[in-house]
Engineer: 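Below you'll find the structure I mean.
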Amino acid sequence: MLKFISILLTREFKKIYFIFFILIILFVSLIVCYFSYKDYSFNNHQNIVVQNKLTEDEYYEIYSNGSYNNYLLYYESYIKESMNKVKLSNLFSDNNLFCFENIYKVQVFLSVFSIVIGSSILLSEYKNGTIKLFLNVGASRFKVFLSFLISCIFLIIILNLILFLAFTLFLIIFNNSFELFKLKVPIIFNDDVIYVNYYLKSFLKFILNMLPVIFIGSFSFFISIIFLSQLFSLCLSFFLNVFGLVVFQWLLEYKIRFLMYSFIPYLDYTIFDDKLNIVLFNIEHGTNLSIFNGNVMLMLYFVIAFFVSLWFFLKRDVN
């Protein structure tokens, strides 16, 4: 199967759309890195106001959604995150290299490419009739399905890594030094402030933020197999990726929270960049959004979609 995957990857690398994606990534990285470096200004948070614990009446005067019990549940987290923000506010220096944070905004943009890759990589074999060739050489349907899925995920990972390396290279060029690799930043660990390598921290965060990008590409892959429609797969995946969080927040206004148990609120991990805002969001809306829950939801729905689409692929007649 590894040989089969390598053949698929080699073939996809040569396709014009994939080369086009790489060129766009390089161009966008150059533009975003250049302007963010030139216009960078550091925002500190010295004026953080920490609220005392509210009474039940005071709570409902401020928040129109959620419940007071939920507020009490999250109040300790609110105090902790507020204090952490105060601790860190005066420790960051005004360094242009912090504009590397903009890479995560560009990374979200890669979801578009992952959706296109996922919706077309195996479905094109149906349209061209070449799916029969893969099955006639003795490969089982399961191996064919798994090989295309793995190839899809590999392509998405490769695009992400190209973005990370390109952003790094351009920032080094604009800064005219390798200071990016030596920079250390303070973080809170077990209620203590420690200093860690900024570039390594950024890379680990980049890997974490890659999970939703991989998921939406895989989701597009699964939907294309279930419905045998690239258009439907593209439209549904784009809608959920772009408007899913908006729809989720709109439903919360009517105290409809069932989507918090879906993958929809977790298609963009940049919402977790400010932990205090997430805590306040959970308090106000009675939700329980967190990166841990996001990883669980993405994994759960990935497995469900995998087996459903695999069943359709195994049972469907390809003649």
Engineer: Check for me, please, whether M297 and F292 land in the same ILVMFWY cluster - side-chain distances under 4.5 Å, paths through other members count.
Structural biologist: yes
Engineer: Take a 6.0 Å sphere around CD of E76 and say whether it holds more than 12 heavy atoms from other residues, nucleotides or ligands.
Structural biologist: no
Engineer: Side-chain contact test, heavy atoms from C-beta onward, threshold under 4.5 Å: evaluate it for R257 versus F248 and give yes or no.
Structural biologist: no
Engineer: Could you check whether any side-chain heavy atom of L280 comes within less than 4.5 Å of a side-chain heavy atom of Y78, counting everything from C-beta outward?
Structural biologist: yes
Engineer: Could you label the plane-to-plane angle of the F203 and F164 rings as parallel, tilted or perpendicular, counting under 30° as parallel and over 60° as perpendicular?
Structural biologist: perpendicular
Engineer: Is the backbone N or O of S229 less than 3.5 Å from a side-chain atom of S233, with the two atoms forming a donor-acceptor pair by type?
Structural biologist: no
Engineer: Does the side chain of N70 pick up a donor-acceptor pair with the side chain of E284 at under 3.5 Å?
Structural biologist: no
Engineer: Using the side chain to side chain contact (heavy atoms under 4.5 Å, CB included) rule, take V193 and I187 through it: C-alpha gap first, then chi angles, then the decisive distance, then the call.
Structural biologist: CA-CA 6 Å; V193 176; I187 65 171; over 6 Å; no
Engineer: Passes salt bridge (charged side-chain N to carboxylate O under 4.0 Å, His left out), K182 versus E179? Steps please.
Structural biologist: CA-CA 5 Å; K182 299 180 291 183; E179 184 184 352; over 6 Å; no
Engineer: Hey, does the side chain of S237 reach the backbone of L234 with a donor-acceptor pair shorter than 3.5 angstrom?
Structural biologist: no
Engineer: Just so I know, are the side chains of L165 and L169 near enough to count as touching, which here means a heavy-atom distance under 4.5 Å?
Structural biologist: no
Engineer: Looking at side-chain heavy atoms only, is the closest gap between L236 and F227 below 4.5 Å?
Structural biologist: no
Engineer: Among F181, F178, F167, which residue meets the ring-ring contact (aromatic ring centres under 6.0 Å, His included) test with Y199?
Structural biologist: F181
Engineer: Quick check: do F98 and Y37 have side-chain heavy atoms less than 4.5 Å from each other?
Structural biologist: no
Engineer: Just how far is it from atom CG of N282 to atom OG of S290, taken to the nearest 0.5 Å?
Structural biologist: 7.5 Å
Engineer: At their closest point, which heavy atom of L123 faces which heavy atom of S224, and how far apart are they?
Structural biologist: CD1-O, 3.7 Å
Engineer: Would a line drawn from the ring center of Y71 to the ring center of Y68 be shorter than 6.0 Å?
Structural biologist: yes
Engineer: Locate the shortest heavy-atom distance separating L149 from F302; write the atom from each residue and the value.
Structural biologist: CD2-CZ, 4.2 Å
Engineer: List the steps and the verdict of side chain to side chain contact (heavy atoms under 4.5 Å, CB included) for L110 and L163.
Structural biologist: CA-CA 9 Å; L110 294 188; L163 168 63; 3.7 Å; yes
Engineer: Would you say OH of Y34 has more than 12 non-hydrogen atoms from neighbouring residues, nucleotides or ligands within 6.0 angstrom?
Structural biologist: no
Engineer: How many angstroms lie between atom CD1 of I150 and atom CZ of F145, to the nearest 0.5 angstrom?
Structural biologist: 10.5 Å
Engineer: Over all heavy atoms of both residues, which pair between G217 and I156 is shortest? Give the atoms and the distance, please.
Structural biologist: CA-CD1, 3.9 Å
Engineer: When hydrophobic residues are tied together by side-chain contacts of less than 4.5 Å, even through go-betweens, does I16 share a cluster with I22?
Structural biologist: no
Engineer: Tell me whether the count of non-hydrogen atoms from other residues, nucleotides or ligands lying under 6.0 Å of CZ in F13 goes above 12.
Structural biologist: yes
Engineer: Please test V185 against Y195 for side chain to side chain contact (heavy atoms under 4.5 Å, CB included), starting from the C-alpha separation and ending with a verdict.
Structural biologist: CA-CA 5 Å; V185 294; Y195 282 81; 5.7 Å; no
Engineer: Is I121 linked to I19 within one hydrophobic cluster, defined over Ile, Leu, Val, Met, Phe, Trp and Tyr using a side-chain heavy-atom separation of less than 4.5 Å?
Structural biologist: no
Engineer: Looking only at atom types and distance, does a side-chain atom of S220 sit under 3.5 Å from a main-chain N or O of S119, one as donor and one as acceptor?
Structural biologist: yes
Engineer: Step by step, work out the side-chain hydrogen bond (donor to acceptor under 3.5 Å, both in side chains) result for Y59 and S67.
Structural biologist: CA-CA 9 Å; Y59 172 81; S67 67; 5.9 Å; no
Engineer: Any side-chain heavy atom of I291 within less than 4.5 Å of one from N295?
Structural biologist: yes
Engineer: Once rounded to the nearest 0.5 Å, what's the spacing between atom CD of Q107 and atom CD1 of I207?
Structural biologist: 8.0 Å
Engineer: Which label fits F206 and Y104: parallel for a plane angle under 30°, tilted from 30 to 60°, or perpendicular past 60°?
Structural biologist: tilted
Engineer: Give me the atom names and distance for the closest heavy-atom approach of S120 to V116.
Structural biologist: OG-O, 2.8 Å
Engineer: Measuring from atom CD of E56 to atom CG of N69, what distance do you get when rounded to the nearest 0.5 angstrom?
Structural biologist: 7.5 Å
Engineer: Under the side-chain contact (heavy atoms from CB on, under 4.5 Å) test against C152, which residue among L122, I157, I117, L8 passes?
Structural biologist: I117
Engineer: Show the numbers, then the answer: is there a side chain to side chain contact (heavy atoms under 4.5 Å, CB included) between F222 and V308?
Structural biologist: CA-CA 8 Å; F222 297 139; V308 172; over 6 Å; no
Engineer: Check L9 against S151 and note the closest heavy-atom contact, atom names and distance.
Structural biologist: CD2-O, 3.6 Å
Engineer: Which of these, Y301, F306, F263, sits in a ring-ring contact (aromatic ring centres under 6.0 Å, His included) with F219?
Structural biologist: F263
Engineer: Check E101 with K205, please: is the shortest side-chain N to carboxylate O separation under 4.0 Å?
Structural biologist: yes
Engineer: With a 4.5 Å cut-off on side-chain heavy atoms, are I271 and Y266 touching?
Structural biologist: no
Engineer: Could you check if a side-chain atom of F272 sits within less than 4.5 angstrom of a side-chain atom of L289, using non-hydrogen atoms only?
Structural biologist: yes
Engineer: Compute whether any side-chain donor of one residue and acceptor of the other, for T270 and D273, lie under 3.5 angstrom apart.
Structural biologist: no
Engineer: If we ignore hydrogens and angles and just use 3.5 Å, is the side chain of S114 paired with the main-chain N or O of S111 as donor and acceptor?
Structural biologist: yes
Engineer: In Å, rounded to the nearest 0.5 Å, how long is the span from CD1 of I223 to CG of L240?
Structural biologist: 8.5 Å
Engineer: Just checking F243: does its CZ atom have more than 12 heavy atoms from other residues, nucleotides or ligands closer to it than 6.0 angstrom?
Structural biologist: no
Engineer: If you look at every heavy atom in N209 and V213, which pair is closest and at what distance?
Structural biologist: O-CG2, 3.8 Å
Engineer: Using modelled atom types and a 3.5 Å cut-off, is there a donor and acceptor pairing between side-chain atoms of E58 and backbone atoms of T55?
Structural biologist: yes
Engineer: Between V247 and F258, is there shared hydrophobic-cluster membership here, with clusters defined by ILVMFWY side-chain heavy atoms closer than 4.5 Å?
Structural biologist: yes
Engineer: Please indicate whether F174 has more than 12 foreign heavy atoms, meaning atoms of other residues, nucleotides or ligands, lying under 6.0 Å from its CZ.
Structural biologist: yes
Engineer: Over 60° means perpendicular and under 30° means parallel, so classify the ring planes of W250 and Y254, tilted if in between.
Structural biologist: perpendicular
Engineer: Can you establish whether the number of heavy atoms outside K275 located under 6.0 Å from its atom NZ is more than 12?
Structural biologist: no
Engineer: Tell me whether V144 shares a hydrophobic cluster with W311, the cluster being built from Ile, Leu, Val, Met, Phe, Trp, Tyr side chains joined at under 4.5 Å.
Structural biologist: yes
Engineer: Donor-acceptor pair, distance only, cut-off 3.5 Å: does the side chain of N293 make one with the backbone of N288?
Structural biologist: yes
